[in-house]
Amino acid sequence: QIIQLFGRGVRLKGYQFSLKRSTGLDDYQKPETIKQIKPLLRHLETLQIFGVKADYMEQFKSFLEEEGLPVNDSSWITINIPTVQKEIVAQNKLKLIAVKESENFKRNIILALVYNEKVFDGRLVELDWYPKIDVLEKKSSGAAMVKNNGFLNAHHISLLNWNAIYLEVQNHKADKSYYNLGIQLEDLKSILQNVSWYNLYIPAHHLEFSRYENVAIWQELAVTLLKKYIEQFYLFYKNEFHSNHVEAIILNGADENFVLEYDFKLNTEEDVVQFQNKIEELKTTVLEPAFSHIQIASEASAFDNLLHLYKPLVYLGKNYQNQIQVSPIALDVSEKQFLDDLVDYTLKNQESLREIEVHVLRNQSKKGIGFFTDGNNFYPDFILWIIRGGKQHIKFIDPKGIRNSKGINDPKIQFHKVIKEKIQPQVIESGIELDSYIISNTSYLEVQWKDNLSIEDFNNVNVFFQKENANCYISSILL
């Protein structure tokens, strides 16, 4: 299996694939025209993977697809489908927000690694060592078992080889290009002596002092935990810096959120002739002004959403992984439902919406607008513009499940406050108002952590349910 890609690292259940760009350029070293020349760059590296289980391989391929990178399966053919931008894009009147190009975190900030518990408030590092122990001991711990939650105490730490840890951490810093991060050995020890920032799941006997072999495990645990601490610490301050240096820009057709073409991949070892015929038909019909929809399969389609800034959009159900793949990644059910509900509402309420313009754009993962809150980049699925009078109300919409959210204080749920209180004041003079919403495809009754929270309590923090709020959630966003 040979996969070509333009490098980045990925971890899959214990396997680490770490790749580097051949240019070796940091962000501030790249030419100002990088966005224009990027489509002309060839893939520069080849990754060869041997002995990886099929399920890991599928996950890795899915990662590549999400990133818009080729998987190069010999049995698959590719059909390129162009997109067409709407007239509103060429008018250059839609505004957007972005980090100021003059503000570069690595160039402007010198950051010293220290212990800071606020970085991990509500988002502890988690390290599950059970799968690794299973591999080493060639056994399965079983899915239903209760895992032991442990930590490294002062006695464990006193037996560690700190010179080796320091070198490992410095190599990690170089691999991640954290050039502006200063790391001192004593600070690493201080960080590890504080146990409140992580949850470690490991069989209790591997933390006991009954056999010397456990020391090697503690050494590896220490390095892994410190690497995770450093990544979350660094991203926290990088994202905080970015959130304080936002400006208004004009959206244009060269923005990376605009997909120029789709790659439809078809597995020739499967019966895909009917799909191929439809996709070939799409290649020409999408260029026609009257194009609205083409059904590729029972749960696969390409369509023009009247409010979206380019056409087509592509929806692909979950049952076609071995037959059809689409890059950039296709819409899922809840994302398509949101777009359908949005258009349906605007068509049925044209009179009440006569004073406003509504536009929507899919926000590309990793390439679009990522928000800088709580140590993690958050890429809402859609950007919605409501132009009313002289103002542009920009709303970031994320249809997603909330079954596994960390309660009502989950950073993605509370982001509606961050964007209002921290980011909006920086662009208010440009006539921009900001907001964010979670559209939950998890029904209210399926939210196990809701306790005594009512549907109205969720609505008050801009969380709406696609099922229970079906009749009102679009109007709540638009009006």
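When reading the values below, keep in mind they use all heavy atoms of this one structure, side chains included, and skip hydrogens, waters and symmetry mates.
- The 12-atom threshold is not exceeded at CD of E87, counting heavy atoms of other residues, nucleotides or ligands nearer than 6.0 Å.
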- Message: Determine whether I279 and L266 satisfy the following criterion, side chain to side chain contact (heavy atoms under 4.5 Å, CB included), listing intermediate values before the conclusion.
- Response: CA-CA 10 Å; I279 295 169; L266 299 173; 3.9 Å; yes
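- Checked by atom type and distance alone, the side chain of N92 never pairs as donor or acceptor with a backbone atom of N252 at under 3.5 Å.
- Within the 4.5 Å cutoff, the side chain of D381 has no heavy atoms near those of the I397 side chain.
- Across all their heavy atoms, Q414 and V461 have their closest contact at NE2-CG1, 4.2 Å.
- Here NZ of K450 is found 10.0 Å from CG of N452. Values are rounded to the nearest 0.5 Å.
- The distance from the CD1 atom of I356 to the CD1 atom of I387 is 9.5 Å, given to the nearest 0.5 Å.
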- Query: Would D271 and Q323 count as a side chain to side chain contact (heavy atoms under 4.5 Å, CB included) if you check the C-alpha gap in whole Å, the side-chain angles of each, and the deciding distance to 0.1 Å?
  - Reply: CA-CA 8 Å; D271 182 13; Q323 298 169 300; 5.5 Å; no
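- Note that the NE2 atom of H245 and the CG atom of N108 stand 7.5 Å from one another [nearest 0.5 Å].
- Of the possible polar contacts, one joining the D332 side chain to the E335 backbone as a donor-acceptor pair under 3.5 Å is found.
- Nearest heavy-atom pair, I369 versus Y379, reported as atom, atom and distance to 0.1 Å: O-CD2, 3.4 Å.
- Just one residue in the list D435, L342, I394 forms a side chain to side chain contact (heavy atoms under 4.5 Å, CB included) with L384, and that residue is L342.
- Of the possible donor and acceptor atoms, none in the side chain of E270 sits under 3.5 Å from a partner among the backbone N and O of Y320.
- Other residues, nucleotides and ligands contribute at most 12 non-hydrogen atoms within 6.0 Å of the CD atom of E429.
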- Task: Give the intermediate values and the outcome of salt bridge (charged side-chain N to carboxylate O under 4.0 Å, His left out) for residues E446 and K467.
- Result: CA-CA 11 Å; E446 292 177 313; K467 181 179 179 181; over 6 Å; no
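- Side-chain contact between Y473 and D341 is present, with at least one heavy-atom pair separated by less than 4.5 Å.
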- Please lay out, stage by stage, how L434 and I97 fare under the test side chain to side chain contact (heavy atoms under 4.5 Å, CB included). CA-CA 10 Å; L434 301 173; I97 60 174; 4.1 Å; yes
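- Remark: E433 does not engage R388 in a salt bridge, criterion side-chain N to carboxylate O under 4.0 Å.
- Pairing each heavy atom of E299 with each of N319, the nearest pair is OE2-ND2, 3.6 Å.
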- Item | Stepwise side chain to side chain contact (heavy atoms under 4.5 Å, CB included) check, F264 with I77 | CA-CA 8 Å; F264 279 80; I77 61 171; over 6 Å; no
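- The main-chain N or O of G253 is found under 3.5 Å from a side-chain atom of Q85 such that the two form a donor-acceptor pair.
- Under the 3.5 Å distance criterion, the side-chain polar atoms of S75 are left unmatched by any main-chain donor or acceptor of T268.
- Between Q321 and W76, the shortest heavy-atom contact is O-CH2, 3.5 Å.
- The aromatic rings of F105 and Y234 sit perpendicular, their planes meeting at an angle over 60°, well past the 30° parallel limit.
- Listed here is the closest heavy atom pair of Y262 and P312: OH-O, 2.9 Å.
- The shortest side-chain heavy-atom distance between F382 and L339 falls under the 4.5 Å cut-off.
- Not a single donor-acceptor pair under 3.5 Å links the side chain of S440 to the backbone N or O of F464.
- Separating the CD1 atom in I474 from the NZ atom in K348 is a distance of 12.0 Å, to the nearest 0.5 Å.
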- Item | Residues Y237, F233; criterion ring-ring contact (aromatic ring centres under 6.0 Å, His included); working and verdict | CA-CA 7 Å; Y237 284 101; F233 178 90; 4.9 Å; yes
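- Under the 4.0 Å criterion applied to side-chain N and carboxylate O atoms, D398 and K412 are not assigned as salt-bridge partners.
- Under the salt bridge (Lys or Arg N to Asp or Glu O under 4.0 Å) criterion, E351 pairs with R354, sequence neighbours left out.
- Of the possible polar contacts, none joining the E421 side chain to the V418 backbone as a donor-acceptor pair under 3.5 Å is found.
- Side chains of D263 and N80 form a contact here, defined as non-hydrogen atoms less than 4.5 Å apart.
- Between the side chain of W449 and the backbone N or O of I402 there is at least one donor-acceptor pair closer than 3.5 Å.
- Inter-residue side-chain proximity for K283 and I81 is flagged as met; some heavy-atom pair is nearer than 4.5 Å.
- At least one side-chain heavy atom of I455 sits less than 4.5 Å from a side-chain heavy atom of N459.
- K95 is linked by a salt bridge (Lys or Arg N to Asp or Glu O under 4.0 Å) to nothing, counting only residues two or more places apart in sequence or in another chain.
- In this structure, F120 has its ring center closer than 6.0 angstrom to the ring center of Y229.
- Ring-plane geometry between Y178 and H172 is classed as perpendicular, the angle between the planes exceeding 60 degrees on a 0 to 90 degree scale with a lower cut at 30.
- Atom-to-atom distance recorded for L361:CG and L313:CG is 9.0 Å, nearest 0.5 angstrom.
- Judged by distance alone, with hydrogens and angles left aside, the side-chain atoms of K93 form no donor-acceptor pair with the main-chain N or O of I88 at under 3.5 Å.
- Shown here for E468 and L445, the closest heavy-atom pair between the two residues is OE2-N, 4.0 Å.
- Side chains of L309 and L94 form a contact here, defined as non-hydrogen atoms less than 4.5 Å apart.
- Taking the side chain as every heavy atom from C-beta outward, F291 and L282 approach each other to under 4.5 Å.
- Note that OG of S301 is 8.5 Å distant from CG of L331, once rounded to the nearest 0.5 Å.
- Ring pair F465/F458 is perpendicular by interplanar angle, where above 60° counts as perpendicular and below 30° as parallel.
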- Evaluate side-chain hydrogen bond (donor to acceptor under 3.5 Å, both in side chains) for Y345 paired with S352, printing each intermediate quantity in order. CA-CA 11 Å; Y345 181 87; S352 62; 4.9 Å; no
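- Distance alone, capped at 3.5 Å, is enough to place a donor-acceptor pair between the N180 side chain and the I109 backbone.
- Just one residue in the list L307, I432, L251 forms a side chain to side chain contact (heavy atoms under 4.5 Å, CB included) with W385, and that residue is L251.
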